[in-house]
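First comes the structure, then the notes that go with it.
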Amino acid sequence: MVSVISNSIAYKPIISIENIVATVTLDESLDLYAMERSVPNVEYDPDQFPGLIFRLETPKVTSLIFKSGKMVVTGAKSTEELIKAVKRIIKTLKKYSIKITGKPKIQIQNIVASANLHVHVNLDKAAFLLENNMYEPEQFPGLIYRMDDPRVVLLIFSSGKMVITGAKREEEVYKAVKKIFDKLEELDCVRPIEEEDEIEI
Amino acid sequence: RWRKWQVRARIQSSIDRNLAQAMNELERIGNLLGLPKSVKDEAALIYRKAVEKGLVRGRSIESVVAASIYASCRRMKIARTLDEIAQYTKANRKEVARCYRLLLRELDVEVPVSDPKDYVTRIGSLLGLSGATMKLAAEILEKAKNVGLTAGKDPAGLAAAAIYIAALLNDERRTQKEIAQVAGVTEVTVRNRYKELTQELKIPIQNQ
DNA sequence: ACTTTACTTTCAAAAGC
DNA sequence: GCTTTAAAAAGTAAAGT
């Protein structure tokens, strides 16, 4: 082949935020025993875990509430959903006469996302060429790659799909996916997927 | 200063005591697994590095020894699963795996990605199969790797399926059950890998 | 054999053992 | 280090039909 055919693979990933873990600070100590008595559908077993478990149906998130007035909220799929969930949790607690005065301080601690690069990844080659990676197919099918900047961990599968975790801002997720795509392509570890002739019965 | 020397000597003696105990464990587990001296020596070297880096603190000597043995087997291409090694310790697979990951991250121990072919030799010899069958199984795995069929899959399961196919083709048939047993995977896994390999590589199998 | 459920890996925070 | 929460990826496992 003489002519130089465009050998770069199109970067059209599908990225979705799957879970956001955040802490909420209320600056006010709470009586978890009173909460367990008055608020329905909560789980509280201090011998097993110091936090009271409160599940909100919409948005569907789960909150761990501590007596210090701090909470952990998990399950939100966007920042908007997270904020809405925190407001509703507090509104619900107030409804059951739990005294809360100050306004909550929300901090995102971890963002988990999934992505699909739409390429096949040669994990054996990637494991050999990438730094800071671990690929042990007898224990887990994905290659575990620790990226320094942004500081996230990616679980890369041969299907081209991946999991990105450890990010604190959504921007870091997009940056990390673009960066790993470029890196894998540069190292010649990606191959386009044959065809997507899925328009069949 | 005298004090400094004393502290150093105390640390050295604690390392020595740790090593002595670890070497006993290493010898015991290594012999139960039937490992050659070269593998045990390599494991001893890895363990010594771990102690010197203080990686054994807060962990059981036994699980770090087991992890060192696993790392050594991988480096020497001796097929042994983590479960096989962990069964001779009080620690469970999860704890040994955790120690193994620690060794990989903290020590400069290069461990190659496991190769299903290494399991072929072990499974084949345990089943008393011919060299020709093992060679055929290795060839099947090579083709599978080239078309990207092996990524992310358990090498033991892949080797078991390749052995099953190769034995069938060479009239040395073994049941999926006996292969699965020596390979340390379930029959379902052997069957799944078998289907995939025969279909994707278009390997014709006569009857059942 | 098929489906369902569940476990492997990664991450972060909370309070306390 | 452990305990608890949630979520995805793909492979493996076990239980029930």
Side-chain angles (χ1 to χ4, degrees), chain A residues 14-26 29-30 32 43-56 59-77 82 85 106-117 121 123 133-147 151-168 172-173, chain B residues 57-60 81-83 92-95 97-99 101-102 150-158 160 180 183-193 195-196:
Chain A
I14 290 177
I15 301 176
S16 41
I17 305 296
E18 305 287 355
N19 182 27
I20 297 179
V21 179
T23 48
V24 177
T25 307
L26 291 175
S29 58
L30 302 168
L32 300 185
E43 297 170 38
Y44 184 45
D45 181 1
D47 294 331
Q48 190 186 43
F49 188 70
L52 176 145
I53 303 168
F54 176 85
R55 291 169 209 276
L56 189 74
K60 188 171 175 289
V61 299
T62 298
S63 167
L64 305 177
I65 305 174
F66 299 88
K67 62 177 185 285
S68 63
K70 290 186 176 183
M71 331 188 337
V72 173
V73 177
T74 62
K77 293 204 179 292
L82 170 68
I106 305 173
Q107 286 174 293
I108 292 179
Q109 301 292 349
N110 183 29
I111 296 176
V112 182
S114 63
N116 188 350
L117 295 183
V121 182
L123 296 184
N133 82 84
M134 184 146 64
Y135 175 46
E136 297 280 327
E138 38 260 285
Q139 292 167 63
F140 189 71
L143 180 151
I144 301 162
Y145 178 66
R146 286 161 204 282
M147 191 177 275
R151 197 157 198 85
V152 298
V153 174
L154 298 99
L155 309 181
I156 307 168
F157 299 87
S158 64
S159 64
K161 291 185 180 181
M162 57 181 67
V163 172
I164 305 91
T165 185
K168 282 203 154 53
E172 295 174 345
V173 172
Chain B
R57 272 179 217 166
R59 258 167 281 266
S60 76
T81 63
L82 262 177
D83 280 305
N92 53 334
R93 192 202 81 266
K94 201 169 178 176
E95 176 59 18
R98 196 200 318 282
C99 292
R101 270 178 246 130
L102 188 77
T150 61
K153 270 107 176 189
D154 184 354
L158 285 165
V185 295
T186 63
E187 289 175 67
V188 178
T189 295
V190 177
R191 209 169 293 128
N192 289 339
R193 295 298 130 249
K195 277 184 185 166
E196 195 173 45

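None of the values given here were measured: they were computed from a predicted structure. Below, each value reflects all heavy atoms present in this structure, side chains not excepted, and no hydrogens, waters or symmetry copies.
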Taking only Lys NZ, Arg NE, NH1 and NH2, and the carboxylate oxygens of Asp or Glu, determine whether [X] and [Y] approach each other closer than 4.0 Å.
X        : Y        : value
A/Lys168 : A/Glu172 : no
B/Arg101 : A/Glu136 : no
A/Arg55  : A/Glu43  : yes

Tell me: [atom1] of [X] to [atom2] of [N], nearest whole Å?
X        : N      : atom1 : atom2 : result
A/Met147 : C/dT10 : CE    : P     : 17 Å
A/Leu123 : C/dT9  : CG    : C1'   : 14 Å
A/Leu64  : C/dA12 : CG    : C1'   : 12 Å
A/Arg151 : C/dT10 : CZ    : P     : 15 Å

Watson-Crick or G-U stems involving DNA chain C, each at least 3 pairs long, distances under 3.5 Å, ordered by first number:
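Looking at DNA chain C, the stems formed by three or more consecutive pairs are C:1-8 with D:10-17, C:13-17 with D:1-5.
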5'-most by nearest nucleotide on DNA chain D - B/Val188 or A/Gly75
A/Gly75
Output, in order, the C-alpha distance, side-chain angles, deciding distance and verdict of side-chain contact (heavy atoms from CB on, under 4.5 Å) for A/Val112 and A/Val163.
CA-CA 7 Å; A/Val112 182; A/Val163 172; 4.1 Å; yes
For a quick test of reading the model: is some side-chain N or O of A/Lys67 closer than 4.0 Å to OP1 or OP2 of C/dG16?
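A/Lys67 to C/dG16 OP1/OP2: side-chain N or O found under 4.0 Å.
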Base, sugar-phosphate or nothing for [X]? Non-hydrogen atoms, less than 4.0 Å.
X        : result
A/Gly142 : nothing
B/Arg59  : nothing
B/Val185 : sugar-phosphate
A/Val153 : sugar-phosphate
A/Ile53  : sugar-phosphate
A/Ser68  : sugar-phosphate
B/Arg98  : sugar-phosphate
A/Ser159 : sugar-phosphate
B/Arg193 : sugar-phosphate

Kindly indicate, with the supporting measurements, whether the criterion side-chain contact (heavy atoms from CB on, under 4.5 Å) is fulfilled by A/Val61 and A/Thr74.
CA-CA 6 Å; A/Val61 299; A/Thr74 62; over 6 Å; no
Walk me through whether B/Thr81 and A/Glu138 qualify under side-chain contact (heavy atoms from CB on, under 4.5 Å).
CA-CA 8 Å; B/Thr81 63; A/Glu138 38 260 285; over 6 Å; no
Euclidean distance for P, C/dA6 against D/dT4 (whole angstrom)
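Their P atoms lie roughly 15 Å apart.
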Work out how far the P atom of C/dA1 is from that of D/dA9, and round it to whole angstrom.
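Result for the P pair: 26 Å, nearest Å.
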Protein-nucleotides 4-8 of chain C N/O pairs under 3.5 Å:
from, atom 1, to, atom 2, distance (Å)
C/dT8, OP1, B/Lys94, NZ, 3.1

Can you tell me how far CG of A/Leu64 sits from OG1 of A/Thr23, rounded to the nearest 0.5 angstrom?
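It comes to 11.5 Å.
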Roughly how far, to the nearest 0.5 Å, is the CD1 atom of A/Ile156 from the CG atom of A/Leu117?
8.0 Å
Counting the benzene-type ring for Trp, do A/Tyr44 and A/Phe54 have ring centres under 6.0 Å apart?
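That pair fails the under 6.0 Å test.
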List the steps, then state whether side-chain contact (heavy atoms from CB on, under 4.5 Å) holds for A/Met71 with A/Leu26.
CA-CA 8 Å; A/Met71 331 188 337; A/Leu26 291 175; 4.1 Å; yes
Covered region of DNA chain D, 5' end to 3' end, by chain A [heavy atoms, under 4.0 Å]:
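Range of nucleotides within reach of chain A: D/dT3 to D/dG11.
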